[in-house]
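Below: one structure, written as structure tokens.
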Amino acid sequence: MPAPSRIAKTLVDSWELLLRHTGPTLTEAALGFGLGIGVALLLAVGMELFPWLRRGVYPLLITSQTVPVIAVAPLLILWFGYELLPKVLIVALVTFFPVVVSTVDGLRSADPDMVRLLKSMGAGEWRVFRMVRFPHALPSFFSGMKIAATYGILGAVIAEWLGASEGLGVFLIRSQNSFAADQVFVAIAVITFWSLILFGLVQVLARWTAPWAYIDREEDRRGEPKG
């Protein structure tokens with residue numbers, strides 16, 4: 001175990017090298033995270049609006065999670081090569097599932113009284129979805145995004161293990177093969193730091209997009225009446 005002082009010194013000495021490896025990892029994580037979130041949101045909305053789609057696709061989503069991503073990743077490398085695309089797809093696969101499941105659950109847990117009220121006033125399914133179901137599902141959607149945010153950087157690192165010339169995953173593997181424990185700890189610290197940054201960005205976006213959910217929670221903690 002290297003001393004904390006040695007790890008800190010290695011972090012300072014390797015700063016430029018870490019910056020060079022951090023750029024590709026953040027690019028892969030950001031693109032894959034955006035792709036995974038976008039597809040998850042579209043699929044969740046589709047399953048809510050079209051029940052037949054939910055009955056056909058939802059069991060397949062659950063079953064797909066029994067296959068480890070580390071087992072699928074080599075196939076993506078073989079199909080798409082060693083460039084950016086397979087790494088983005090691996091991150092998207094990692095971040096996709098928690099968002100689609102949490103969003104589907106949030107859409108289906110909308111207040112039934114509000115749904116019946118809008119329908120009694122002549123609102124169609126799309127208006128009910130836009131005015132009740134989707135706003136109600138936003139906290140669940142961002143909860144899934146928070147989980148996905150913790151996996152995004154990790155997914156990029158796993159993708160780099162399988163084939164890359166630069167990135168934090170490459171830095172980590174090279175440090176491990178060189179038995180440089182201090183560099184391994186530095187890589188872990190940098191990966192954790194950027195995962196927390198991504199999580200914090202999602203948290204800020206959630207508070208900005210759905211402030212009512214956090215107001216209700218703060219009032220519940222203080223025991224204050226809502227409204």
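No experiment lies behind these values; they were computed from the predicted model shown.
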Is it the case that one hydrophobic cluster holds both F129 and L118, taking links as side-chain heavy atoms less than 4.5 Å apart, direct or via other members?
no
Looking at every non-hydrogen atom in both residues, tell me the closest pair between G106 and A137 and how far apart they are.
C-CB, 3.5 Å
Heavy-atom side-chain contact between E48 and V104 under 4.5 Å:
no
So does K87 pair up with E160, basic N to acidic O under 4.0 Å?
no
Are any side-chain N or O atoms of T103 and backbone N or O atoms of V100, one a donor and one an acceptor, separated by less than 3.5 Å?
no
So do I153 and L26 actually touch side chain to side chain, heavy atoms under 4.5 Å?
yes
Mind checking the CG-CD1 spacing from L41 to I37? Nearest 0.5 Å is all I need.
8.5 Å
Closest contact, heavy atoms only, S109 versus H136:
O-NE2, 2.9 Å
Heavy-atom distance under 4.5 Å between the side chains of I188 and T192, does that happen here?
yes
Shared hydrophobic cluster for V91 and Y151 (ILVMFWY, side-chain gaps under 4.5 Å)
no
Between S14 and L11 (side chain of the first, backbone of the second, donor and acceptor by atom type, cut-off under 3.5 Å), is there such a pair?
no
In short, G152 meets A29 closest at the heavy-atom pair O-CB, 3.9 Å
Any side-chain donor near an acceptor of the partner, Q183 and S178, under 3.5 Å
no
Would you please test L35 and L89 for side-chain contact (heavy atoms from CB on, under 4.5 Å) and show each step?
CA-CA 8 Å; L35 177 61; L89 293 177; 4.0 Å; yes
What closest approach, in Å, do G36 and T95 show between heavy atoms, and which atom pair accounts for it?
CA-OG1, 3.9 Å
What heavy-atom pair brings G169 and T25 nearest, and what distance separates the two atoms?
N-OG1, 4.4 Å
Please round to the nearest 0.5 Å and tell me the distance separating atom CZ of F80 and atom CD1 of I90.
10.5 Å
Counting N and O atoms only, with roles assigned by atom type, does the side chain of S102 sit under 3.5 Å from a partner on the main chain of V99, one being a donor and the other an acceptor?
yes
Out of curiosity, does V39 fall in the hydrophobic cluster containing L42 (side-chain heavy atoms, cut-off under 4.5 Å, transitive links)?
no
More than 12 heavy atoms from other groups under 6.0 Å of CZ on F96
yes
Distance under 6.0 Å and angle within 45° of ring axis: R54 vs Y58
yes
CZ (F141) and CG (L107) are apart, to the nearest 0.5 Å, by 10.5 Å
Do V157 and F199 belong to the same hydrophobic cluster, where Ile, Leu, Val, Met, Phe, Trp and Tyr are linked whenever their side-chain heavy atoms lie under 4.5 Å apart, directly or via other members?
no
If you look at every heavy atom in L154 and T150, which pair is closest and at what distance?
CB-O, 4.3 Å
More than 12 heavy atoms of other residues, nucleotides or ligands under 6.0 Å from CZ of F97: is that the case?
yes
Measuring from atom CG of L172 to atom CH2 of W161, what distance do you get when rounded to the nearest 0.5 angstrom?
6.0 Å
Between H21 and G167, is there a donor-acceptor pair closer than 3.5 Å when you use the side chain of the first and the backbone of the second?
yes
Hydrophobic clusters here meaning ILVMFWY residues chained together by side-chain heavy-atom distances under 4.5 Å, can you tell me if L196 and I7 are in one?
no
